[in-house]
Amino acid sequence: VSTREIAEQSGIKQASLYYHFSNKEHIYRAVVARAGALMDALLFEAFSQPGTPHEKVRRLFHTAILLISTHQSAARIIDRELMEHGEGDGTDFAAEISRRPHQALAAVLRELSPDCPADSYAFFFFCVAYGARKHHAVQLQLRGLEDLRDQERLCDALTDWALLTVTAPHPPPDGGY
């Protein structure tokens, strides 16, 4: 895609585009940052609403799964960025776009079980939510429609599993019992 095409699709002159962005890489970085900010805001909002820890954890999974259907372009950009950069930069990118929701989830997990490794579990649950979202996207493409009952059952199952994991006995920090 050329900058001329980007300008045309945006309804602005190419000179205006270059006034704000020096090249296509800067345009792409701005698009990625905006998609990341959207994801951060939506996930953080899920935790900002009042509710029990159970309700908040369920909203994490529900929001992550809904991202694919309500914000398809942003979800594809996030996916591309995560997959393209691999473990190093991709992990850093994932941490950056989910910092606030991660901290909020860790606080909820500590509320449920003060001795659980909340930061590790929060990171793991975000990975699971991402995987569930990708699984849901594949199902949507295969079926061509969205079955809300399946989505709700998936959210319920993930929430039950996550809460069971957090409230189960945890090994002491040295790794032994």
Side-chain angles (χ1 to χ4, degrees), residues 32 34-83 85-87 90-173 175 177:
V32 169
R34 187 171 182 173
L38 174 66
M39 183 175 149
D40 172 82
L42 291 173
L43 290 171
F44 186 70
E45 181 183 328
F47 290 107
S48 298
Q49 297 172 15
T52 66
H54 180 274
E55 292 166 336
K56 290 181 179 188
V57 170
R58 187 179 192 288
R59 277 196 301 262
L60 160 72
F61 292 116
H62 190 262
T63 301
I65 291 168
L66 279 180
L67 273 170
I68 192 68
S69 57
T70 57
H71 300 285
Q72 293 176 1
S73 296
R76 280 195 302 270
I77 290 167
I78 298 292
D79 289 351
R80 179 175 182 223
E81 194 66 14
L82 289 171
M83 295 302 137
H85 289 292
E87 192 172 315
T91 304
D92 295 342
F93 176 71
E96 184 59 36
I97 63 172
S98 64
R99 186 174 321 280
R100 289 184 323 144
H102 177 273
Q103 291 169 345
L105 176 58
V108 167
L109 298 178
R110 281 187 203 93
E111 183 182 331
L112 280 168
S113 179
D115 64 330
C116 82
D119 287 323
S120 296
Y121 280 173
F123 178 76
F124 182 62
F125 291 165
F126 272 105
C127 292
V128 169
Y130 175 80
R133 185 177 64 76
K134 293 298 291 177
H135 173 74
H136 186 64
V138 169
Q139 284 183 325
L140 289 178
Q141 288 178 344
L142 291 176
R143 286 189 286 193
L145 56 95
E146 183 172 355
D147 186 342
L148 291 177
R149 290 184 313 260
D150 285 349
Q151 180 177 307
E152 295 303 318
R153 282 195 301 261
L154 177 60
C155 289
D156 289 340
L158 289 170
T159 301
D160 291 345
W161 165 80
L163 295 175
L164 181 64
T165 301
V166 170
T167 56
H170 306 288
Y177 276 109

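Along the sequence shown, residues carry numbers from 1. Below, each value reflects all heavy atoms present in this structure, side chains not excepted, and no hydrogens, waters or symmetry copies.
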Pairing residues for Thr52 by the side-chain contact (heavy atoms from CB on, under 4.5 Å) criterion, not counting sequence neighbours: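 side-chain contact (heavy atoms from CB on, under 4.5 Å) check on Thr52 returns His54, Glu55.
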Please give me the minimum heavy-atom distance between [X] and [Y], naming the atom from each residue.
{"X": "Ala162", "Y": "Val57", "result": "CB-CG1, 4.0 Å"}
{"X": "Ala106", "Y": "Ala122", "result": "N-CB, 4.0 Å"}
{"X": "Arg59", "Y": "Ala46", "result": "NE-O, 2.6 Å"}
{"X": "Val166", "Y": "Phe125", "result": "CG2-CE1, 3.6 Å"}
{"X": "His71", "Y": "Leu38", "result": "ND1-CD2, 3.6 Å"}
{"X": "Arg110", "Y": "Ala118", "result": "CG-CB, 3.5 Å"}

If you measure from [atom1] on [X] to [atom2] on [Y], what distance do you get to the nearest 0.5 Å?
{"X": "Leu163", "Y": "Leu109", "atom1": "CG", "atom2": "CG", "answer": "8.0 Å"}
{"X": "His62", "Y": "Thr159", "atom1": "NE2", "atom2": "OG1", "answer": "10.0 Å"}
{"X": "Thr167", "Y": "Asp115", "atom1": "OG1", "atom2": "CG", "answer": "10.5 Å"}
{"X": "Asp40", "Y": "His102", "atom1": "CG", "atom2": "NE2", "answer": "12.5 Å"}

Contacts of Asp156 that satisfy side chain to side chain donor-acceptor pair (under 3.5 Å) - sequence neighbours left out: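 Testing Asp156 for side chain to side chain donor-acceptor pair (under 3.5 Å), a comparison that skips the adjacent residues, returns Arg58.
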Test item: Phe124 and Ser120 side chains (from C-beta on) under 4.5 Å apart, heavy atoms: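 With C-beta onward as the side chain, the pair stays apart.
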Test item: Leu105 and Lys56 side chains (from C-beta on) under 4.5 Å apart, heavy atoms: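 With C-beta onward as the side chain, the pair stays apart.
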